[in-house]
Amino acid sequence: MLKVYNKLLKEFGKQHWWPVTNKTEDQRSSSDSRFEICVGAILTQNTSWQNVEKAIKNLIESNMLSKEAIRNATINKVAKLIRSSGYYKQKAKKLKIFASFSGSISRENLLSLWGIGPETADSMLLYAYNKPYFVVDAYTKRIFTRLGMIKGDESYEEVRALFEKKLPKDVEIYKEFHALIVELGKRYCKKEPDCKNCPLKSDCGHAIKHK
DNA sequence: CGCCAGGGCCTCA
DNA sequence: TGAGGCCATGGC
């Protein structure tokens, strides 16, 4: 597991995922940047990050990227701004529900909110709140199934538990590893994988079978 | 034109 | 508790 991480880190370098907006030009507070990460986590559900970036840009330009602004806006107003991220009516509702949540941020509380499932909750906890929850996504399952390290029919929680058991409990490693997994999934371990050029081909039984 | 992207909810067995 | 349908835009 750590070997895979180190290989990917060497191959791709640091990914620096979140926070996205450059904090040089405006003095956004850390709570602003936290909220922005959580918004991104919701908007990117089953959606390419490019489409999400446009939506976030629209929110910023309308001065709407804050809990208060989203909480006080109508669903339609939010929906219009985030249209490019897809599923925009659902996501507008999800954003409003999250922006209206005033309890403490725990995994259990996040999961109790409509629109926040395990991956979104863990993304928020890890990237916005620096808590050691490993984020499992479709790429993670696909890649580690092909690597032969899981069977592929495990539940989200089972896969998460495996990673958290195998890896040192280190937030920075969790953040970087998940980002690297996404990068490998996008570049090589696609639905139709490009095994020939994959940096993990020497470790991967799947790559050997598929020439 | 078809396929898919940094999922989650609902329904129905 | 798990499979299948649904949500929707934009890039290639």
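Checked against side-chain hydrogen bond (donor to acceptor under 3.5 Å, both in side chains), A/K7 has the following partners two or more places apart in sequence or in another chain: A/S202, A/D203. In this structure A/R83 satisfies the side-chain contact (heavy atoms from CB on, under 4.5 Å) test together with A/Y88, sequence neighbours excluded.
Residues in residues 90-107 of chain A take part in these salt bridge (charged side-chain N to carboxylate O under 4.0 Å, His left out) pairs, two or more places apart or across chains: A/R107-A/D122, A/R107-A/E157.
With rounding to whole Å, A/E157 atom CD is found 16 Å from C/dG2 atom C1'. The interatomic distance linking A/N58 (CG) with C/dG10 (P) rounds to 10 Å, in whole Å. Going from atom OH of A/Y88 over to atom P of C/dC6 covers 18 Å, rounded to whole Å.
Checked against the 6.0 Å centroid criterion, the rings of A/F163 and A/F144 qualify as a close aromatic pair.
Of the two residues near DNA chain C, A/S155 and A/S85, the one whose nearest nucleotide lies more 5' is A/S155.
If you check every strand for non-hydrogen atoms under 4.0 Å, A/S84 touches sugar and phosphate atoms only.
Nearest heavy-atom pair across A/N51 and A/S84 is O-OG, 2.8 Å. Heavy atoms only, all atoms of each residue included: A/N197 and A/Y188 are closest at O-CE2, 3.4 Å. In terms of heavy-atom proximity, A/Y174 sits nearest to A/K169 at OH-CA, 4.0 Å.
Paired runs in DNA chain C that reach 3 or more consecutive Watson-Crick or G-U pairs, where each pair keeps both distances under 3.5 Å, cover B:2-5 with C:9-12, B:7-13 with C:1-7.
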- Item | Summary of protein contacts for nucleotides 5-13 of chain B, nucleotide by nucleotide, where a base hit scores B, a sugar-phosphate-only hit scores S (4.0 Å, heavy atoms) | BBBSSS---
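For B/dC4 and C/dA8, the C1' atoms lie 12 Å apart once the distance is rounded to whole Å. Distance check on atom P: C/dG2 versus B/dG6 gives 26 Å, rounded to whole Å.
Using a 4.0 Å cut-off, some side-chain N or O of A/K54 falls inside it from OP1 or OP2 of C/dG11.
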Quiz: residues 54-63 of chain A side-chain donor-acceptor pairs under 3.5 angstrom, not counting sequence neighbours:
residue: A/N58; atom: ND2; partner: A/L81; partner atom: O; Å: 3.1
residue: A/S62; atom: OG; partner: A/N58; partner atom: O; Å: 3.1

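Aromatic ring orientation, A/F98 versus A/F35: parallel (interplanar angle below 30°, classes split at 30° and 60°).
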